[in-house]
Amino acid sequence: MSDEIELDGDGDAGAPIWAAFGDLMSVLLGAFVLILVGVVALQLELSHRLDQEVAQRQAEAKRRQTLEQALAGPLAAGRVTLVDGRIGIRGSVLFALNSDQLQPEGRELLKSLAAPLAGYLSSREEILMVSGFTDDRQVRERNRQFADNWELSAERALTVTRTLIAEGVPSGSVFAAAFGAEQPVGSNADEEGRARNRRVEMAPIPRPTPTVAGDGR
């Protein structure tokens, strides 16, 4: 009789162990399912981000290709240069010496560039900086319209900027800057170098972060 009682006692003790083991397995299975769901969700998110990045790069490449196609003719003719994303236009194409009035050839060139530039900037957090440069020779004394090379380069940059806006580039996506005779790309010791220095450059730069009105910092 005592042996039977002991056997019965062993059988009752095994039931809680199996129940605890079953609960543990349920917890582990639930944790595994949660981890699996998390991994799948992460993979889907990464795949979605990758698709977005690929689409964005394709769109950017298309805009860049459109801009490069618009520049193909002027580049081949030597009227413009393209270095590190900066479009350089020789001053003689745009303006007569010591003048800020566009020549017909320069106006047509800017007109052909306006639409590709507007498209390129449309979906980017960038704005177009139009920079005017001169050689180091002072403005001729008989030309009283400009006080110095700084003013001449500023007016030329403004002329190009206004023309681009008139041809469709949003006014909030372009601005003018003047550099005078600073930052030459050629030697000012000979006419060829001075001609290279008399130029206008257009370059996309990051759009400034808006500041709160009245912020004195």
Side-chain angles (χ1 to χ4, degrees), residues 45-46 48-91 93-95 100 102 105-134 150-186 196-217:
E45 177 65 20
L46 291 175
H48 178 65
R49 290 184 180 180
L50 180 60
D51 290 342
Q52 286 184 323
E53 184 175 349
V54 170
Q56 182 178 355
R57 289 186 178 183
Q58 288 177 342
E60 181 177 341
K62 185 176 181 180
R63 289 192 299 270
R64 188 181 297 275
Q65 183 180 16
T66 301
L67 182 58
E68 290 176 352
Q69 287 175 348
L71 288 171
L75 281 169
R79 294 185 295 170
V80 303
T81 58
L82 183 61
V83 180
D84 296 332
R86 300 194 310 272
I87 303 170
I89 307 177
R90 301 193 71 162
V93 174
L94 296 173
F95 307 101
D100 65 341
L102 277 176
E105 180 186 10
R107 185 174 297 279
E108 288 301 314
L109 175 59
L110 293 178
K111 185 176 180 179
S112 70
L113 294 178
L117 284 171
Y120 182 77
L121 296 168
S122 62
S123 60
R124 301 171 65 90
E125 289 300 315
E126 295 179 340
I127 55 178
L128 189 69
M129 180 172 70
V130 178
S131 305
F133 302 84
T134 67
W150 285 102
E151 186 173 352
L152 175 59
S153 66
E155 290 300 328
R156 286 180 168 179
L158 284 170
T159 296
V160 172
T161 299
R162 289 168 178 148
T163 302
L164 291 175
I165 293 172
E167 295 296 337
V169 176
S171 58
S173 296
V174 60
F175 72 100
F179 290 86
E182 305 299 325
Q183 301 184 18
V185 293
R196 292 178 59 201
N197 293 334
R198 296 191 296 269
R199 70 196 189 279
V200 171
E201 290 185 357
M202 296 180 287
I205 65 171
R207 184 180 294 274
T209 303
T211 57
V212 178
D215 189 350
R217 291 178 298 175

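For clarity, every value in this text was computed on a predicted model and none was experimentally measured.
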**Q** Decide yes or no for P74 and L109: does some side-chain heavy atom of the first lie under 4.5 Å from some side-chain heavy atom of the second?
**A** yes

**Q** Rounded to the nearest 0.5 Å, what separation is found between the CD atom of E151 and the CD atom of E155?
**A**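 Here the rounded value is 6.0 Å.
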
**Q** State the OG1-CZ distance between T134 and F179, to the nearest 0.5 angstrom.
**A**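 Going from OG1 on T134 over to CZ on F179, the span is 12.0 Å.
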
**Q** Could you go through L164 and M202, starting from their C-alpha distance and side-chain angles, then the distance that decides it, and tell me whether this counts as side-chain contact (heavy atoms from CB on, under 4.5 Å)?
**A** CA-CA 11 Å; L164 291 175; M202 296 180 287; 3.6 Å; yes

**Q** Output yes when a side-chain donor or acceptor of T159 lies under 3.5 Å from a complementary backbone atom of D100, and no otherwise.
**A**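 Side chain of T159 to backbone of D100: a pair is present.
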
**Q** Using side-chain heavy atoms (C-beta onward) and a distance below 4.5 Å, is V160 in contact with L94?
**A** yes

**Q** Find out whether E105 and R79 are in side-chain contact, i.e. whether some heavy atom of one side chain is under 4.5 Å from a heavy atom of the other.
**A**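 Yes; the side chains approach each other to less than 4.5 Å.
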
**Q** Check whether R86 reaches the backbone of D84 with its side chain - one donor and one acceptor, N or O, closer than 3.5 Å.
**A**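 Judged by distance alone, no pair lies under 3.5 Å.
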
**Q** So, for A157 and S131, which heavy atoms are closest and what is the spacing to 0.1 Å?
**A** CB-C, 4.3 Å

**Q** Quick one: do V185 and R199 satisfy side-chain contact (heavy atoms from CB on, under 4.5 Å)? Show the steps, please.
**A** CA-CA 10 Å; V185 293; R199 70 196 189 279; 3.5 Å; yes

**Q** Evaluate side-chain contact (heavy atoms from CB on, under 4.5 Å) for F95 paired with R90, printing each intermediate quantity in order.
**A** CA-CA 9 Å; F95 307 101; R90 301 193 71 162; over 6 Å; no

**Q** Which atom names give the shortest non-hydrogen contact between A176 and L158, and what distance separates them?
**A**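 Closest approach of A176 to L158, heavy atoms only: CB-CD2, 3.8 Å.
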
**Q** So S173 and R207, do their side chains get closer than 4.5 Å, heavy atoms only?
**A**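 Result yes, sub-4.5 Å side-chain heavy-atom pair found.
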
**Q** Could you pull out the closest heavy-atom pair between G106 and L102, with the gap in Å?
**A**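 That closest heavy-atom pairing would be C-CD2, 4.5 Å.
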
**Q** Would you check if P206 and I127 make a side-chain contact, meaning some heavy-atom pair closer than 4.5 Å?
**A** no

**Q** To the nearest 0.5 Å, what is the distance between CG on L128 and OG1 on T161?
**A** 7.5 Å

**Q** Might you work through the side-chain contact (heavy atoms from CB on, under 4.5 Å) test for L117 and V174, ending with a clear yes or no?
**A** CA-CA 10 Å; L117 284 171; V174 60; over 6 Å; no

**Q** Distance-only, no hydrogens or angles: does the S153 side chain make a donor-acceptor pair with backbone N or O of F133 under 3.5 Å?
**A** no

**Q** To the nearest 0.5 Å, what is the distance between CG on L82 and CD on E201?
**A** 11.0 Å

**Q** Indicate yes or no for a side-chain donor-acceptor contact from N197 to the backbone of P184 under 3.5 Å, with no hydrogens or angles considered.
**A**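 Here the side-chain-to-backbone pair does not exist.
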
**Q** Of the non-hydrogen atoms in G85 and P204, which two are nearest, and what is the gap between them?
**A**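 For G85 and P204, the tightest heavy-atom pair comes out as O-CD, 3.6 Å.
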
**Q** Please list, chain by chain and in numerical order, all residues satisfying side-chain hydrogen bond (donor to acceptor under 3.5 Å, both in side chains) with E45, sequence neighbours excluded.
**A**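 Partners of E45 under the side-chain hydrogen bond (donor to acceptor under 3.5 Å, both in side chains) test: R49.
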
